[in-house]
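Report on one structure; see the data block that follows.
In the text below, chain A, chain B and the rest are named by the order of the sequence lines, each starting its count at 1. Because the structure is a prediction, the values reported are computed rather than measured.
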Protein chains: 2
Amino acid sequence: MIRVAIVEDDPLTAELHTAYVERLDGFEVIGSAGNAREARKLIGAADAAIDLVLLDLTLPDIGGLDLARAMRSAGLSIDIIAVTAVRDIAAVQTAMSFGAVQYLIKPFTFQVFQEKLLAYAAYRSRLSSASSATSQAEIDRLLAVPRSSSAAAALPKGLTAATLDAVSRALRESPAPLSAAELAERGDLSRVTARRYLEHLADIDLASREPRYGTPGRPEVAYRWLSHPSPDRL
Amino acid sequence: MIRVAIVEDDPLTAELHTAYVERLDGFEVIGSAGNAREARKLIGAADAAIDLVLLDLTLPDIGGLDLARAMRSAGLSIDIIAVTAVRDIAAVQTAMSFGAVQYLIKPFTFQVFQEKLLAYAAYRSRLSSASSATSQAEIDRLLAVPRSSSAAAALPKGLTAATLDAVSRALRESPAPLSAAELAERGDLSRVTARRYLEHLADIDLASREPRYGTPGRPEVAYRWLSHPSPDRL
DNA sequence: CGGGTTGCGTTCATATTGGTCACCGGCGTG
DNA sequence: CACGCCGGTGACCAATATGAACGCAACCCG
């Protein structure tokens, strides 16, 4: 059983992540913390014996990266999966230098989450089953992270990962909600295709629909990128 | 230029590693230290601006792992490659939790050493060229590099080095991205073969896929050569 | 209050390309 | 010399974005 602590300031998101973890066999949630102070207490508790921390990098009191540093200073080698909405390469690099084993970008679907945690579990069992490494090649094999392609299989028929990625990016980078027609113009796509992908994003709760009234003609629905998916969608 | 510090207690080995580093283009040795105290001074020097430390884990005064911890405590996110004769899984795991990007077992050949450092260089240039990541997939791609090894060495079944070389060259010399059909026409290959090799190049991150939208019919995917570290050095 | 107008949502046929499978020719081997 | 393995090829079926046609939901005007 891999014992997980969740450090996340938004209670709704924390609850969602807890539910995610508990859906996976072999994982259990030991506790959660909403800020760094609580997290320190949680992790420091003698009977906790935590294996893995899902660490949000944006906490109210001190940054998650500082918390990670503090953990390392204390000599704790608990594994960390960084969870954040920050899409900053520098943050990624810093997190990795503190020994984060994975970097998850919010919001994520259960599939992506599952993939990362299962990869971690595999890594963990590999390490524990091998008592001592005998060669460089073996070390390399132990540390290798398997290429994941399970996410692609979860796509409904007729949709492409590359296109979905392009649509997601365009929507995310737009400050205002986008209609299918507007996104089509930006992304060199047809209106029909743009709508299909936007509908998919809305279906998996990565985007919300917002009808626009007030103009003549049939109302146009605009889509807004969601950074906090609702937890009722399990 | 990647600035390297070498921390190694045995002078002969330190010299050897220095020579190894200097055989590689794009790397330079800033200094070396024989124990943790010297290492701290070397790394702390304001004008050092060190990118990478080759860190021996068995030092006379304090352990290399403790030095790594001290570096992290100080907020330094300098990359570390752990170098040691210790074949202990626990040490590997601890080193990785302190954010080591590689783990090299002494003694190693120049080949192995080169492979690890070139992989690191690729990882680094990838990170610096991308200012902000846009998707989980991209993060995964960025982070996959440093820990996977010998990707180029082992060719999958059904591929030939000569053909791969020809395809690589053709793609590299083309200013615009090329589709499989286009490359087939240029290179005297069938579309099928061209596609197989282009897919391989994309899989090992030497090329990127870019679907072309806007025209009726199924979108055509074009491949673009990614210009990072020199492949002629292999 | 109801019919007309206006756009967008939705569906469907179509145009292309992707992916796969069974063959073919060549090279090494016994 | 026959055999077997292996990589490249042609042709097939499946996949996926496009454009146009149709229908619907909200505004507007009489």
Nearest heavy-atom neighbours spanning B:Gly158 and B:Arg196: O-NH2, 2.7 Å
Overall bend - the helix from C:dC1-D:dG30 to C:dG30-D:dC1, comparing terminal axes fitted on five pairs, nearest 10 degrees: 10°
N/O-N/O pairs, protein side and nucleotides 26-29 of chain C side, under 3.5 Å:
none

Heavy-atom check, side chain of A:Val86 versus side chain of A:Leu57, under 4.5 Å: no
Non-hydrogen side-chain atoms of B:Ile2 and B:Phe27 separated by less than 4.5 Å: yes
Rounded distance in Å - CZ (B:Arg196) to C1' (D:dG10): 14 Å
Pairwise salt bridge (charged side-chain N to carboxylate O under 4.0 Å, His left out) hits with a residue in residues 176-185 of chain A, at least two apart: A:Glu182-A:Arg212
Nearest-Å distance for atom pair CG/C1', residues A:Leu164 and D:dA15: 17 Å
Residue pair A:Leu155 / A:Ala161: nearest heavy atoms and the distance that separates them: CD1-N, 3.5 Å
side-chain N/O B:Thr193 vs D:dG8 OP1/OP2, d < 4.0 Å: no
Partner of A:Lys106 by salt bridge (charged side-chain N to carboxylate O under 4.0 Å, His left out), out of A:Asp10, A:Asp56, A:Asp9: A:Asp56
Student check: side-chain heavy atoms of B:Tyr197 and B:Leu201 closer than 4.5 Å: no
Under the salt bridge (Lys or Arg N to Asp or Glu O under 4.0 Å) test, residues paired with A:Arg218 that sit two or more places apart: none
With A:Arg224 via salt bridge (Lys or Arg N to Asp or Glu O under 4.0 Å) - residues at least two apart: A:Glu210
Closest-nucleotide ordering on DNA chain D, the 5'-leading residue of A:Leu189 and A:Gly214: A:Leu189
A:Asp79 versus A:Arg124, closest heavy-atom pair with distance: OD2-NE, 4.4 Å
Rounded distance in Å - OH (A:Tyr213) to P (D:dA26): 6 Å
Residue-phosphate contact under 4.0 Å: B:Thr163 side-chain N/O, D:dG8 OP1/OP2: yes
Sugar-phosphate only, base, or nothing, as touched by B:Thr160 at under 4.0 Å among non-hydrogen atoms: sugar-phosphate
Per-nucleotide protein contact string for nucleotides 14-21 of chain C, where B marks a base within reach and S marks sugar-phosphate only (heavy atoms under 4.0 Å, - for neither): -BBBBBB-
OP1 or OP2 of D:dA15 under 4.0 Å from side-chain N/O of A:Lys157: yes
Phosphate OP1/OP2 of D:dA17: any A:Tyr197 side-chain N/O under 4.0 Å: yes
Flag side-chain contact, heavy atom, 4.5 Å: B:Leu54 against B:Phe113: yes
Value in whole Å for how far the P atom of C:dC8 lies from CG of A:Leu178: 14 Å
